[in-house]
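Note sheet for the following structure.
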2 protein chains.
Amino acid sequence: MDLTSRKKRANLRDVARKAGVSVATASRVLNMPTAVSAKTRDRVQSAIDELRFVPSAAARAINSGRTRVIGALVPTLDNAIFARFLDAIENEMAQHALSVVVATTNNDPEIEVEKARNLLDIGAEGLIVSGVAHSPAFEALVQKTRIPVIATSCYEPAYALPTVGYDNRAAAQMALRHLVDLKHRRIAVLHGPAFNNDRTRARLAGLQALDLDVQLDLYEADITIAGACQAVAKILESGARHSALLCLSDVLAMGALFELQRSGLSVPDEVSVMGLEDLPSSSYTAPALTSVRLQVSEMGSRAAKALASWIETAEPPEPVLLAAELIPRQSTKAVEPA
Amino acid sequence: MDLTSRKKRANLRDVARKAGVSVATASRVLNMPTAVSAKTRDRVQSAIDELRFVPSAAARAINSGRTRVIGALVPTLDNAIFARFLDAIENEMAQHALSVVVATTNNDPEIEVEKARNLLDIGAEGLIVSGVAHSPAFEALVQKTRIPVIATSCYEPAYALPTVGYDNRAAAQMALRHLVDLKHRRIAVLHGPAFNNDRTRARLAGLQALDLDVQLDLYEADITIAGACQAVAKILESGARHSALLCLSDVLAMGALFELQRSGLSVPDEVSVMGLEDLPSSSYTAPALTSVRLQVSEMGSRAAKALASWIETAEPPEPVLLAAELIPRQSTKAVEPA
DNA sequence: TTGACTCTTGTAACTAGTTACATGCAATAA
DNA sequence: TTATTGCATGTAACTAGTTACAAGAGTCAA
């Protein structure tokens, strides 16, 4: 606590003055220490310590033209899938010495533009977003500023931005085929909100496109354990009978599993339950959840790598298609011949 | 694509030149548009549009002395509790027009300092960290730079930094008392890694301090569904018998529930399972999980509010104690008199 | 002794904005 | 007609660093 109670942080000029050198020399101590004699270096270092000097990030950024910050726009973090995704992004970006600012959009395109604008405002050098359905304002913003943006969670080579993701249609079809192969013919499909969500719509479109000889009943639910439980409870109440429940997200599948157990229905003996995504916990539920594995963490690091390379090389990266894989476990089984 | 292929982004000087005004006027169009005549404003705006001018965040920051960025250091995002926590922080900070940079520490104090240093480097105006156990280097960094830091997940009025959290000792004791009240006398305690984790240690200390006439067997597991399943499988294999399983985290409790079901043990008839935290999904498991509610989202927004106020007013906030509450559900029941 | 060279340091011009102050002009009041 | 006032705008000095270039000192060889 010094009596002068200097209101402001010390800057390089203060350090230089105290050390009796020029700002240039003080700057060199920070950036090319070997170019300064040991004596001078020590004096400057002492001044830095005494004045508690911390270099200004903004001033550095203004010179380098780089902030080393990127933005990740995710629908929510209150869902294991996006949390895992962000975790992977953060880890990979740390490798490239880039920091990640999070912004949640709640799946609202208006909030998305607003937060994207804010990210640009604080100097983000690139963005990672979910899906390819964005507001015109968002697309205009991206085009106007020419900021590197990677769209994730889907693979769309034709889209204006590079995508890193999987084929949602095919993944959903893979799940449905598995159930159909197991002779299921009346299947309840539990999906997340389709509004403003191209991934959900792609998955549903995939199911419809297969055109197999099965009855598919669609039910929408919030992608939370609670949402799934409520939806399943409603389905059961309605008296509709299905031999299998296809959940277009593992979170929904887990909630469905709980609700079915609570209502005394045995999985898979009475109802098969199938997920999509394959979260790490899905192999540990009782019974373990059959699912289609989408590599969410891999997607996060690939998206991060792609964005980092775009920023470094100024060359937009190629789209990345991640494979989906059927992971059969105990929650599905063949329908017994009556 | 213009032929000159200007390598660099346009700056305010370019805009001013193109519009035939001074930089000051151009700057006014951005910051106090009413102080500029409509004619001039239009001309400047056209220049801005034509040159695709985007103001430099760094230059703005260098003048205001503010970056409007704060850092959140969390152990991992691959755990619902921290993801929810971060979600709440982000939402609250958006309210204060502050952006949140995430950094995961993996519970490693060395990584924590390194990432904290990086956050300061990019100009974070404040930090939110978990717990009060940090490396000396971290504490030195905080003291040297005098950056506002809020410590969360615990309530320690005596700690050097303001804390926002709950009384972990008391919360664990509340859980244990519930089981003891239900006549459980042989209890397995499943806890996360105690190394480098003061919250876990506080919870364990709380249990030990109660000194009730019960046998407590401690088992450590990774705080994941998988970790809990493996630990419970080992306990069962070992032949040790307990009438109740006290999990010091709901994630562990959920995994335990799965593993017990898989091994055919009925919850709560044969084993009671008790959690701690009360995640939103905990009320939906089958059976629903008895837990002690810690208000994680509330903690996130309170911590964010506290940090924002510290940054705005330069006054460190008061510590915040969040209440814990017993939430009895179906996963625990009284031991039958033999 | 002089030229060539390296090493260290300083001067000053950058980076991209904001803003205090000055100035010019027009409209209104005395 | 002159003084007052307000608005619009420009000049230039800030913010906090980096860095190209110049210059001085010291070492070494011819």
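Just the heavy atoms: all of them, side chains too, but no hydrogens, waters or symmetry mates, feed the values below. Convention: sequence-line order gives letters A, B, ...; per-chain numbering from 1.
Taking 4.0 Å as the cut-off between side-chain N and carboxylate O, B/Arg68 and B/Glu125 do not count as a salt-bridged pair. Salt bridge annotation for A/Arg84-A/Asp87: absent, with no cationic side-chain nitrogen under 4.0 angstrom from a carboxylate oxygen. Ionic pairing of B/Lys115 and A/Glu90 is present here: one or more N-O contacts between side-chain nitrogen and carboxylate oxygen are shorter than 4.0 angstrom. Remark: B/Glu312 engages B/Arg66 in a salt bridge, criterion side-chain N to carboxylate O under 4.0 Å.
Here D/dC14 presents its C1' atom at 15 Å from CG of A/Asp14, a figure rounded to the nearest Å. Rounding to whole angstrom units, CG of residue B/Leu30 and P of C/dA16 are separated by 15 Å. For the pair A/Arg13 CZ and D/dT15 C1', the computed distance is 9 Å after rounding to whole Å. Rounded to whole Å, atom P of C/dG10 lies 8 Å from atom CZ of A/Arg43. In this structure, A/Asn11 places its CG atom 5 Å from P of D/dA16, rounding to the nearest Å. When rounded to the nearest whole Å, the span between CD1 of B/Ile62 and C1' of D/dT18 equals 11 Å. Counting to the nearest Å, the P atom of D/dT18 and the CG atom of A/Leu12 are 6 Å from each other. The CZ atom of B/Arg9 sits 10 Å away from the C1' atom of C/dA16 (whole-angstrom rounding).
Counting only distance, with no hydrogens or angles, the side chain of B/Thr313 and the backbone of B/Glu315 share a donor-acceptor pair below 3.5 Å.
Counting any heavy atom pair closer than 4.0 Å across all strands shown, B/Ser37 reaches sugar-phosphate atoms only and no base atom. As judged by a 4.0 angstrom heavy-atom cut-off over every strand, B/Thr40 is placed among residues touching the sugar-phosphate backbone only. Within 4.0 Å of A/Ser27, counting heavy atoms only, lies at least one base atom of the nucleic acid.
Using a 4.0 Å cut-off, no side-chain N or O of A/Thr25 falls inside it from OP1 or OP2 of C/dT9. Between A/Asn63 and D/dT19 there is no side-chain polar atom (N or O) within less than 4.0 angstrom of OP1 or OP2. Between A/Ser22 and C/dG10 there is a side-chain polar atom (N or O) within less than 4.0 angstrom of OP1 or OP2.
When each of D/dG17, C/dT18, C/dA20 is scored by its nearest atom to the side-chain atoms of A/Ala59, the top-ranked nucleotide is D/dG17.
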